[in-house]
Amino acid sequence: MTLTSHHIPAESSVPYDPATVEHKWQERWQAQRASSPDLDNAERRFYQLMMFPYPSAEGLHIGNLFAFTGNDIYGRFQRLQGHTVFEPIGFDAFGIHSENYALKVGIHPMELIPRNIENFRRQLRRAGLMVDWSRELSTTDPRYYKWTQWIFVRLLENGLAYRKKGAVNWCPECKTVLANEQVIAGECERHPGVKVEQRFLEQWFFRITDYAHRLLGDLDWLDWSESTKSAQRNWIGRSEGAEVLFDVPGGERIAVFTTRPDTIFGATYMVLAPEHPLVATVTPAERRAMVREYVERSTKKDLVSRKVGEREKTGVFTGAFAVNPATGAHVPIWIADYVLMEYGTGAIMAVPGHDERDFDFARQHDLPIVRVVAGPGESADTPIDGITHHDDGTLVNSGAFDGLSVQEGTRRIVEWLAERGAARTVVNYRLHDWCISRQRYWGPPIPVIYCDECGPQPVPDKDLPVVLPFIADFRPDDTGVSPLARHEEWYRVACPKCGTLGRRETDVSDTFLDSSWYFLRYPSTEFDDRPFDVARTKRWLPVDQYIGGNEHAVLHLLYSRFITMVLQELGYVEFEEPFKKFRAHGHIIREGAKMSKTKGNVVNPDQYIEEWGADAFRTYLMFLGPFEEGGDFRDRSISGVKRFLDRLWASVHEADASAAPEDAVMRKLHQTIKKVGEDIPRLSYNTAIAAMMEYMNVLRASERTPRRAEVEPLVQLVSPFAPHIAEELWERLGHRRSVFDSGWPTYDPSLVVRDTVEIAVQVNGKLRGNVTVSREATQDEVLAAALATPAIAKFVTGEPKKVVYVPGRLINIVV
RNA sequence: GCGAAAGUGGCGGAAUUGGUAGACGCGCAGGACUUAGGAUCCUGUGGGGAAACCCGUGCGGGUUCGAGUCCCGCCUUUCGCACCA
C-alpha cells in the first residue's frame, strides 16, 4: 500500500500523511526539549524505566519496539496525569555480544559500537518515544565506567569482593569464563551445543550469597510480576535443613547438609564430592591411587556430563568408614561426582531408601537400603522399589523415634543430635557468589594493581577510570588471560601503595556489573565528580516502574538489587530496593512462529513504520495482545489499526463545532474515558485500544457527523498510543500547547451509569431473553417485566420455585 | 523431575469480585459508490437446524439457581531451573 491510496473524502480537507506528521512532531519535540524534564524542580516525579538495550548491529527488532512502546505509553499516560516523567535511555554496549560480533565482521568494537548506537538512536527516534535524549548514557563511555570501577573498589574495600581460585565455567568458543547464570544446562548460553568445560583460574567474586536472606525476604513485599519473583526465589534456592557431623575414626569429622534429618537412621553410607578437601585425608594409603584416578577423571569431565548428561552414578569406595551419629553404625565413605562441591558442604549422608539418587547409586554398588519412613498403607517391612520420599509418612526402623510424623521426627532428631554436638539447624542457599572476572577485551578493566610487596591494591579513586586502551589484537586466546595481558606497556604501572613496579589486573568485569547500577546514573549524567548526585538521587529514586524482559529475571535484576543493597549499606543511597514496581513484558511471535534468524522471519520495524507510520505501528503492537503476555504479529492485521487512525483523522476534520453533542454518544465517551484510564495502569493496552475503537464505531455510526465535543477528548485518549497524530490533531483543534500538557480527560460518573439497563433473563440457568428496566428496578418489577414477555413466559411453567436477581445484570427464574 | 504460566470461533484475542461467552480487530461473504478497487462506506459472520430450538471455552467428574472463571483428577503447550541432598 502506498500513502497516496488513502483517500479522504475531499470535504474532509487535508489527507492524513503519517510521514509528514511524524517528522514534524519529532522535530518539534526535539527543538523544544519536550521530553527533558527539569529534574531539580519536579514536584510529582515519575521515573519510568525500560531496560536499556544492547545495541546490536542488526538494529532494533520488533520485540524491542514492543517493549519500548509499552513503556512509553505508561510514561506518557503519567505525564498526562500531571507527573513530571523521566523516561531515560542508554546502551548496554560492553560485553561478549558486541565483541564477538566485532570479531566476526573484523571491525574494532570502538568503531562498531558508536555506529550501532547511532542506528538505534535513529530507530528509537522514529518510534516517537518520550525519551530524554539529553541524558543518554553508554556503559562503554569512560565517564560511565569510571563509576562502575568505583563501585568495584567500594566492594573490595569493604570485603565484598574477593579473589578465589576454583572451578569455573569455561566456554571454549567464547574463550572466557562464564557466570553460572550464563550456563544453560551445561552449555554456553551464546553457543548452544558447545559444552562448557571446567577450568581452574583466579577470579574476582562478589559476596552476593551474604545477601541471600535479604534478597529473598524483600521479594515478599516487592510489587513485581509474580513470575519474576518466583524465578528469583528459585534461583536463590533456600532450603532449611540440618548440618550433621559424621565422625571418622582417626580424628576427622565430616559435615553433611540434609533437608531430611528425620531419615538419618536410613543413612547407610556417605558420599564426598570428588573435590572435597577431606578426600585425601580420609582415604587409606592402599586405595589412594584408585581414588586419585577417579577424582581426576571426574573433575576433568565437562559440566555437561557431570551435571546433566550421564545420569548413571559412578563412584569409588575410599576404604574408610564414618560413624552414623544416630545408629552408631560404621558406614562406608564413597566418592561420587553426583555430589557437588558447590552445594551444601560437598558431602552427603546417603539415604537410599528415601532418595532417588542415593537409591540408584546403592543399587549399582550393592549398598544396603533401609526403609525409615512408611507412607500411607506401608509398614516398616514394605519393600522399597524406587521413589520413596514421603513427606506425610511416619518414621519406622528409627529406634526411639518410631511412629513420629516426618515433621515431628525431624525436629526431635535434630534436637537429640544437637545435644550431643552432632547437628545444628542450618539454612542453605543454592545461590553462588558472583564471579565478575572476564578474560576478554570489551569491558571495563577491573581496577586493581598487583604488587609483589603489598598484594592486590585497588586503583585509587583519583586514578579512575582505568581506561580500556585501544588495541588492534583484541581477539581472545585460550591461555586463560585477557588480550590486555599481551600489552605490557599498558599493564606495567607503579603500585599505588609503595611505588614499586606492579601489574594491572588484565581481566575486565562482567557486563552485568555495568547494568547493575545504570538506573542510578541517569538522573546524574552531567556530574563527572560523583556517580550519582545526592539530591537528584533522593528526588528520583527508587525507580517508580521498571519494564523489561523476563529473560533478566534472575541475572540483571538480582545483581541490581544486590549492588543497591551494598550501596545502601555503605551509606550512598537511602533505599535497598531499586525498583518499586517491575513488570515483565511478553514476547512477540510472528505469524504463529517464534522469530529467529534461522527461520528467516525476523523483520525490521523500519519497513512497517515506512509503510504504515509509527503511530499505526505502535498502536498495532499494543493491540495484538496483552502487554505482559506478548502476542502474534500478523502483517495483515495492522490495517485495522491504521483504519482507526484514518477515521480519527477524518472525524476531527469533519467535526461539527456548532451542533450539540448527542447524549448517547457522550455517555459512550465517558464510559470510554473511564475504561481507557483504568486499562492503561494495568498495562491492558489491547483492551484500551479496543474500547476506543468501539467508541469510534459509535461516533461514526451510520455515517453520522461527529460533533467536536465528542471528538476532542478522544484525541487525548489516543495520545499515549499514537502521539504524533494526537499532537497534530490537537493543534488543528486550535490548541497552542502540547496535548501531553492538556491533562487527562475526566469522566462524569453520572454519565457512566445508564438510567435503564438491560437485564438478562434466565430460566433454570438458560438465557431466554432480555428485559429493559430502570436502573433501580426491584426484583418484583423485573420478574413482572420478564413474565410479560411471551418468549420468556413460555418457559416458565408454573409457579417459580426460586428467583435469583443480580441488580443491573440478570435475573434467574428457577421453576 | 521441580517451579511458573497458559489451553476460548478460520486467526489475534475480550469477558476486573462466579452472572447475557466470543467485545475489538483481521479474514471471509453480500451490498453501495465507482472506468476500476487490494481505497472508502453499509450489512452479516461460533457450530448444527427450515424453524422452534439444541450444542458450545483441552478432557472427565463435582459444587452452585448459575461455571471460561471455584474444587478434584487427567491431557497438551510454552517458559524457567535442573544429580541442589
Side-chain angles (χ1 to χ4, degrees), chain A residues 1 4-9 184-186 225-231 233-235 237 239 241 256-260 263 271 306-311 313 336-340 342-345 347-351 355-358 360-361 387 389 428-430 550-551 553-554 587 589 591-592 594 620 623-626 629 631-641 643-644 646-647 650 678-679 682 684 686-687 689-694 696-697 700-703 758-770 794 800-806 808-815:
Chain A
M1 179 190 288
T4 51
S5 66
H6 299 293
H7 294 297
I8 301 286
I184 311 295
S225 298
E226 258 328 297
S227 58
T228 312
K229 293 211 268 188
S230 131
R233 285 195 186 101
N234 252 316
W235 191 262
S239 348
V256 302
F257 173 72
T258 176
T259 53
R260 295 294 304 272
T263 62
V271 186
R306 172 80 187 271
K307 283 194 169 170
V308 284
E310 305 155 14
R311 289 285 174 150
K313 306 263 183 297
D337 62 13
Y338 79 91
V339 172
L340 309 171
E342 316 97 73
Y343 186 76
T345 62
I348 61 156
M349 62 175 209
V351 185
D355 181 282
E356 220 178 318
R357 295 152 300 176
D358 298 343
D360 292 345
F361 190 81
I387 309 150
H389 41 279
N428 227 300
Y429 295 96
R430 212 181 63 104
N550 234 353
E551 62 273 19
V554 285
H587 290 278
I589 58 171
E591 308 289 342
K594 209 176 196 168
Y620 176 59
F623 182 60
L624 54 70
E629 286 166 41
D632 191 355
F633 188 100
R634 292 182 178 259
D635 288 14
R636 280 193 302 198
S637 303
I638 309 179
S639 57
V641 163
R643 255 196 287 273
F644 169 69
D646 284 339
R647 297 169 96 202
E678 285 168 357
D679 281 356
R682 51 189 194 99
S684 190
N686 55 334
T687 54
I689 295 165
M692 291 187 282
M693 287 173 164
E694 230 179 292
M696 179 67 77
N697 290 340
R700 299 179 67 84
S702 306
E703 303 185 60
E758 247 191 11
I759 301 285
V761 182
Q762 294 183 341
V763 179
N764 289 337
K766 282 191 190 213
L767 182 69
R768 295 301 182 187
N770 285 297
K794 72 177 181 180
K801 284 185 194 139
K802 184 176 181 181
V803 176
V804 180
Y805 176 50
V806 183
R809 289 196 177 263
L810 63 65
I811 188 164
N812 189 11
I813 305 163
V814 186
V815 292

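A note on names: the letters A, B, ... follow the listed sequences, proteins ahead of strands, and every chain is numbered from 1.
Distances from the side chain of A:Asp679 to the nucleotides B:rU16, B:rC24, B:rG12 place B:rU16 closest. Checking B:rU20, B:rC26, B:rU16 against every side-chain atom of A:Glu678, the shortest atom distance belongs to B:rU16. Proximity note for A:Leu810 (side chain, C-beta onward) versus B:rC83, B:rG25, B:rG19: the nearest is B:rG19. Closest to the side chain of A:Arg809, from the set B:rC83, B:rA85, B:rU20, is B:rU20. Nearest to the side-chain atoms of A:Ala760 among the listed nucleotides B:rC79, B:rU20, B:rA14 stands B:rU20. Minimum atom distance to the side chain of A:Asp632 is reached by B:rG12, of the listed B:rG12, B:rG25, B:rC84. Checked against B:rA85, B:rC84, B:rG12, the side chain of A:Arg430 finds its nearest nucleotide in B:rC84.
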Tabulate protein N/O versus nucleotide N/O from nucleotides 63-66 of chain B, keeping only pairs under 3.5 Å, one per line.
unit_1	atom_1	unit_2	atom_2	d
B:rC65	OP1	A:Lys802	NZ	3.4
B:rC65	O2'	A:Asn812	ND2	3.1
B:rC65	O2	A:Asn812	ND2	2.6

Any N/O pairs under 3.5 Å between the protein and nucleotides 2-10 of chain B? List them or say none.
unit_1	atom_1	unit_2	atom_2	d
B:rG3	O2'	A:Asn234	ND2	3.2

Which pairs, protein N/O on one side and nucleotides 53-57 of chain B N/O on the other, fall under 3.5 Å?
unit_1	atom_1	unit_2	atom_2	d
B:rC53	OP1	A:Lys794	NZ	2.5
B:rC54	OP1	A:Arg768	NH2	3.3
B:rC54	OP2	A:Arg768	NH1	3.0
B:rC55	OP2	A:Lys766	NZ	3.0

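For B:rU64 and B:rU69, the C1' atoms lie 13 Å apart once the distance is rounded to whole Å. B:rA67 and B:rG61 are spaced 15 Å apart, taking the P atom of each and rounding to whole Å. Across the P atoms, B:rG13 and B:rG62 are found 33 Å apart, a figure rounded to whole Å. With P as the reference atom, B:rC42 and B:rG10 are 27 Å apart, rounded to whole Å. Between the C1' atoms of B:rC55 and B:rA5, the separation comes to 31 Å (whole Å). Taking atom P in both B:rC70 and B:rG49, the straight-line distance is 35 Å, to the nearest Å.
Judged by distance alone, the side chains of A:Ser227 and A:Asn550 do bring a donor and an acceptor atom under 3.5 Å apart.
Neither OP1 nor OP2 of B:rU16 sits under 4.0 Å from any side-chain N or O of A:Arg682. For the OP1/OP2 pair of B:rA85 and a distance below 4.0 Å, the side-chain nitrogens and oxygens of A:Ser239 include at least one atom meeting the criterion. For the OP1/OP2 pair of B:rA14 and a distance below 4.0 Å, the side-chain nitrogens and oxygens of A:Asn686 include at least one atom meeting the criterion.
Partners of A:Ala347 under the side chain to side chain contact (heavy atoms under 4.5 Å, CB included) rule, at least two apart in sequence or in another chain, are A:Ile254, A:Val256, A:Leu272, A:His276, A:Thr345. In this view, A:Ser684 and A:Asp679, A:Arg682, A:Asn686, A:Thr687 satisfy the side chain to side chain contact (heavy atoms under 4.5 Å, CB included) rule, not counting sequence neighbours. With sequence neighbours excluded, the residues satisfying side-chain hydrogen bond (donor to acceptor under 3.5 Å, both in side chains) with A:Glu694 are A:Lys668. Take A:Phe644 and apply the ring pair (Phe, Tyr, Trp, His ring centres under 6.0 Å) test, not counting sequence neighbours, and it matches no residue. Residues that satisfy the side-chain hydrogen bond (donor to acceptor under 3.5 Å, both in side chains) test with A:Arg700, not counting sequence neighbours, are A:Ser651, A:Glu654. Looking at residues two or more places apart in sequence or on another chain, you find no salt bridge (Lys or Arg N to Asp or Glu O under 4.0 Å) involving A:Arg647. Listed by chain and number, the residues in a salt bridge (Lys or Arg N to Asp or Glu O under 4.0 Å) with A:Glu678 are A:Lys674 (sequence neighbours excluded).
Cation-pi contact between A:Lys313 and A:Tyr338: present, with separation from the ring centre below 6.0 Å and deviation from the ring axis of at most 45°.
Between A:Thr258 and A:Ala231, the residue whose closest nucleotide on RNA chain B is further toward the 5' end is A:Ala231. Take the nearest nucleotide of RNA chain B for A:Tyr620 and for A:Asn697: the residue whose nucleotide is more 5' is A:Tyr620.
Residue A:Ile348 is in base contact, counting any heavy-atom pair closer than 4.0 Å across all strands shown. A:Asn550 comes within contact range of no nucleotide atom at all, as no heavy-atom separation falls under 4.0 Å.
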(request) Assess whether side-chain hydrogen bond (donor to acceptor under 3.5 Å, both in side chains) is satisfied between A:Asn428 and A:Ser239, documenting all intermediate values. (result) CA-CA 5 Å; A:Asn428 227 300; A:Ser239 348; over 6 Å; no

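Applying the 90° criterion around 0 to the glycosidic angle, B:rG10 comes out anti.
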(request) Let me have a per-nucleotide readout for nucleotides 43-50 of chain B, 5' to 3', with B, S or -, counting only protein heavy atoms under 4.0 Å. (result) --------

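Stretches of at least 3 consecutive Watson-Crick or G-U wobble pairs, with each checked distance under 3.5 Å, appear in RNA chain B as B:1-7 with B:75-81, B:10-12 with B:24-26, B:27-32 with B:40-45, B:46-48 with B:53-55, B:58-62 with B:70-74.
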